[in-house]
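Values below: every heavy atom of this structure, side chains too, minus hydrogens, waters and symmetry copies.
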Amino acid sequence: MLRIVLAEDSVLLREGLVGLLERFGHQVVAATGTAEELTAAVAEHVPDIVVTDVRMPPGFSDEGLRAAVALREVRPRLPVLVLSQYVQRAYAEELLDSCDGTGVGYLLKERVGKVEEFVDALQRVAEGGTVVDPEVVRQLLRHRRDPLSRLTAREREVLALMAEGRSNASVAEALTVSEGTVSKHFGSILTKLDLSLTDATNRRVLAVLAYLRK
């Protein structure tokens, strides 16, 4: 029997998971609806494993996943199984890298419908194993590929000239195009490199650094 702390903001899904887990002989010592409650419940009950959603109140972004990462920092050996409708890359990578990747899992919620697979994954994570949904693996690997491979030949030329310290006007002159065209290319470069900072200078520096690291 596993002692489980469950975090899921949807009441219906939370109660359904409680019933499912108890049907297989496990004990849900706390069923919470927020990341703050999850953290408090883990401190109070010291469970065998945490099962948590990614999106939770108040922001419904990645509160549950961030809480899981924080919990693993305090309790490196705490097994955590994350359930999500999507892949949150940044914190997912941090979670999967924690404690050498032992005792951690990341499944998409559609897997919960496959009861035996879900319960088996829960047991393996609790025993120190690593269980990652194939779709999560696919997205993480795609993200870790060379980001410059997504750039067109012209975009690489623009970025190479920027790496020389040239202004947009100088880049435009070198390529015999308008400054507006250079700006459009640079906007595309930022999107493909996942640089969404609002400060244009910082974005330019980060883009150049990405080029220089290739």
Side-chain angles (χ1 to χ4, degrees), residues 9-10 35 52-73 80-101 104-111 130-214:
D9 67 287
S10 168
T52 181
D53 187 12
V54 169
R55 291 182 173 179
M56 302 187 75
F60 292 98
S61 56
D62 54 13
E63 288 84 355
L65 187 49
R66 283 190 281 119
V69 170
L71 286 169
R72 293 266 290 185
E73 289 176 352
V80 172
L81 177 59
V82 171
L83 299 177
S84 179
Q85 291 181 330
Y86 73 111
V87 180
Q88 212 294 342
R89 289 196 304 264
Y91 283 103
E93 290 183 343
E94 190 172 345
L95 177 68
L96 294 172
D97 285 339
S98 64
C99 197
D100 298 324
V104 66
Y106 196 125
L107 296 179
L108 298 184
K109 284 187 175 179
E110 62 188 40
R111 301 289 174 184
T130 304
V131 180
V132 184
D133 193 287
E135 177 60 19
V136 175
V137 174
R138 188 184 69 80
Q139 290 201 32
L140 292 180
L141 287 176
R142 182 177 64 186
H143 183 65
R144 286 181 176 179
R145 291 174 187 158
D146 177 11
L148 298 183
S149 65
R150 289 176 275 178
L151 303 185
T152 65
R154 177 60 86 180
E155 288 165 353
R156 282 174 173 266
E157 287 179 322
V158 169
L159 192 52
L161 291 170
M162 287 182 172
E164 296 175 4
R166 295 180 182 240
S167 64
N168 281 13
S170 178
V171 172
E173 182 179 358
L175 297 178
T176 320
V177 297
S178 68
E179 284 190 53
T181 297
V182 172
S183 294
K184 287 182 180 179
H185 283 312
F186 186 53
S188 178
I189 290 169
L190 294 177
T191 298
K192 292 178 179 179
L193 296 184
D194 294 327
L195 299 177
S196 57
L197 298 175
T198 55
D199 187 291
T201 301
N202 284 342
R203 289 188 297 178
R204 190 183 185 96
V205 170
L206 290 173
V208 168
L209 286 175
Y211 176 79
L212 294 176
R213 290 192 191 107
K214 67 175 183 174

*Asks:* Restricting to side-chain hydrogen bond (donor to acceptor under 3.5 Å, both in side chains), what partner residues turn up for Asp9, sequence neighbours left out?
*Replies:* none
*Asks:* Holding to side-chain contact (heavy atoms from CB on, under 4.5 Å), I want the full list of residues that pass it with Arg72, two or more places apart in sequence or in another chain.
*Replies:* Val80, Leu95, Ser98, Cys99, Val104
*Asks:* Would you give the length of the straight line joining atom CD1 of Ile189 to atom CZ of Arg154, rounded to the nearest 0.5 angstrom?
*Replies:* 11.0 Å
*Asks:* Ser10: what forms a side-chain hydrogen bond (donor to acceptor under 3.5 Å, both in side chains) with it, not counting sequence neighbours?
*Replies:* none
*Asks:* Could you report the tightest heavy-atom contact between Val82 and Leu65, atom names first, then the distance?
*Replies:* CG2-CD1, 3.9 Å
*Asks:* Yes or no on side-chain contact (heavy atoms from CB on, under 4.5 Å) for Lys184 and Val158, after CA distance, side-chain angles and deciding distance?
*Replies:* CA-CA 11 Å; Lys184 287 182 180 179; Val158 169; over 6 Å; no
*Asks:* Looking at side-chain heavy atoms only, is the closest gap between Thr152 and Lys192 below 4.5 Å?
*Replies:* yes
*Asks:* If I take atom CD from residue Gln85 and atom CG from residue Asp53, how far apart are they, to the nearest 0.5 angstrom?
*Replies:* 7.0 Å
*Asks:* Tell me every residue that passes side-chain hydrogen bond (donor to acceptor under 3.5 Å, both in side chains) with Thr191, counting only those two or more places apart in sequence or in another chain.
*Replies:* none
*Asks:* Run the salt bridge (Lys or Arg N to Asp or Glu O under 4.0 Å) test against Glu73 and tell me which residues pass, sequence neighbours left out.
*Replies:* none
*Asks:* Check Val54 against Ser61 and note the closest heavy-atom contact, atom names and distance.
*Replies:* CG1-O, 3.7 Å
*Asks:* Compare every heavy atom of Met56 with every heavy atom of Glu63, then report the nearest pair and how far apart it is.
*Replies:* OE1-O, 2.8 Å
*Asks:* Anything under 3.5 Å between a donor and an acceptor, one on a side chain of residues 171-181, the other on a protein residue two or more places apart or in another chain? List them.
*Replies:*
unit_1	atom_1	unit_2	atom_2	d
Ser178	OG	Thr181	N	3.1
Ser178	OG	Thr181	OG1	3.0

*Asks:* By side-chain contact (heavy atoms from CB on, under 4.5 Å), which residues pair with Ser183, not counting sequence neighbours?
*Replies:* Asn168
*Asks:* Enter the distance from Tyr106:OH to Leu81:CG here, rounded to the nearest 0.5 Å.
*Replies:* 11.0 Å
